[in-house]
Amino acid sequence: LEDQARERIAAAADLSALEALRVEYLGKQGSVSALLKTLGAMAPEERQEKAPAIQALRQSVFDALAARKAEMEAAELEQRLAAETLDLSLPAPEMPKGSVHPVSQVMDELAEIFADLGFAVATGPEIEDDWHNFTALNMPESHPARAMHDTFYFPDAAPEGEPASSSAAVGQKRRMLLRTHTSPVQVRTMMSQGAPVRIIAPGRVYRSDSDATHTPMFHQIEGLMIDRGIHLGHLKWTLETFLKAFFEREDIVLRLRPSYFPFTEPSVEVDVGFAIENGRRVLGGSGDEPGHGWMELLGSGMVNRRVIEFSGLDPDEWQGFAFGVGVDRLAMLKYGMDDLRAFFDGDVRWLRHYGFSP
Ligand code: PHE
């Protein structure tokens, strides 16, 4: 039986023929298995005598099967290697690669610039309450500045853990909204970490507005510095330093104009001078020179003492400046993009056009 089995196994043409032989000899109903089963019925002496031979037979068939299988696999590999040719000098197929969105890129750049000036990054919730977004920023209910924000309000809902009918839930104070600016992070940071403070707060903000220069969601970076004896000079130097670093031009010229924000006093609107080159606005130089102009860039000012008070600090001890700037705006200016809506279309061709995607 052994010789016959080994011969047939050696002659098996392929894996399925080999498998059929395995079943024939070693399978449940196989002939070698049947021999093994006869051992059970034997008297102990007889079993002792015959068992080694039957076990050896089983092992021999098993080994022959394994050896033939390895042989077939080796032959197959050999054949594949002979058939396949691999040209290592061919260029690799190009893999699609992602890239950083210009908005993220600008936020990263700003975080780096401000880190050099000692500013940490702070965050706050996009779903904000009325108090942090408006009241604590010196915009009490019915303040006219609220109307300018085109706020997305949530239908009156209870804050977590309170029944919807509770007076606190219905009260204006906890009315929830999508934050209209990053300024509530000023309040949250002063409340949570006290003074002194040196932070920037990048993030998404929302206003019900949409055209080529406005999207209902856009990005701002808030800056806040609170310490003893901070004055407008610190604000001006900080803004100049940051804008020169961001636009990578030493000739950036700023113009500070008196303005009004409820949360700063005095308030300063900051313009940047530009020149027209080849029909394009290029930042740099004074806007007062012939052929130049001023472009409004950001809002800022000395933090209103009421805001410092609302945030739990003593305004006689702590003063500071704050500014808020549109990130998308900065990206458009730096990379020469002209339609804000394209920022959020997710069209890779647009990113490629501005060199943002390979
Ligand atoms: N929060 C203001 C806005 O969104 C900008 C601003 C921030 C102005 C901080 C002054 C100080 O328009």
Side-chain angles (χ1 to χ4, degrees), residues 103 107 110 114 119 121-126 128-140 143-152 177-190 197-209 213-227 230-240 242-243 254-272 295-311 315 318-330 340:
V103 171
M107 298 215 274
L110 294 175
F114 277 101
F119 286 68
V121 172
T123 54
E126 289 170 33
E128 187 52 283
D129 58 57
D130 194 277
W131 190 81
H132 288 93
N133 196 79
F134 291 126
T135 310
L137 290 165
N138 198 30
M139 283 181 271
H143 192 288
R146 285 189 175 211
M148 291 167 52
H149 278 221
D150 302 311
T151 311
F152 288 113
L177 46 80
L178 291 176
R179 69 178 177 190
T180 57
H181 51 177
T182 42
S183 298
V185 185
Q186 288 185 35
V187 178
R188 288 186 174 275
T189 308
M190 282 189 269
V197 176
R198 240 193 254 191
I199 55 115
I200 57 167
R204 282 187 274 268
V205 301
Y206 302 83
R207 292 185 200 177
S208 176
D209 206 351
T213 53
H214 298 87
T215 49
M217 183 281 302
F218 57 107
H219 299 82
Q220 286 190 333
I221 279 202
E222 194 80 7
L224 174 68
M225 171 159 194
I226 300 282
D227 210 321
I230 300 301
H231 55 73
L232 216 51
H234 296 115
L235 170 63
K236 182 164 190 257
W237 182 87
T238 304
L239 291 177
E240 255 165 23
F242 128 59
L243 290 168
L254 300 186
R255 180 175 75 173
L256 275 55
R257 263 182 307 116
S259 181
Y260 174 77
F261 299 102
F263 33 92
T264 47
E265 181 59 36
S267 298
V268 178
E269 210 125 22
V270 178
D271 301 334
V272 59
M295 189 184 329
E296 194 180 311
L297 198 60
L298 58 89
S300 64
M302 302 306 296
V303 180
N304 191 307
R305 42 186 298 129
R306 303 256 302 147
V307 175
I308 294 180
E309 240 163 29
F310 270 124
S311 306
W318 302 104
Q319 305 79 40
F321 64 74
F323 59 87
V325 53
V327 175
D328 319 280
R329 192 91 204 285
L330 288 179
L340 182 59

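In each ligand, atom 1 is the first atom listed, and ligand 1 is the first ligand listed.
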Which word best sums up how the rings of Phe321 and Phe119 line up, parallel for under 30°, tilted for 30 to 60°, or perpendicular for over 60°?
tilted
Is it true that a side-chain atom of Arg179 and a backbone atom of Arg204 form a donor plus acceptor pair closer than 3.5 Å?
yes
Does Thr180 offer a backbone N or O that forms a donor-acceptor pair with the side chain of Asn133 under 3.5 Å?
yes
Name the residues with a heavy atom less than 4.0 Å from ligand 1?
His181, Ser183, Gln186, Arg207, Gln220, Glu222, Phe261, Phe263, Thr264, Gly299, Ser300, Ala322, Phe323, Gly324
Stepwise, does the side-chain contact (heavy atoms from CB on, under 4.5 Å) test hold for Arg207 with His214?
CA-CA 9 Å; Arg207 292 185 200 177; His214 298 87; over 6 Å; no
Could you walk me through whether Phe263 and His181 pass ring-ring contact (aromatic ring centres under 6.0 Å, His included), step by step?
CA-CA 12 Å; Phe263 33 92; His181 51 177; 5.5 Å; yes
Closest heavy-atom pair and its distance - Arg146, Pro140
NE-O, 3.4 Å
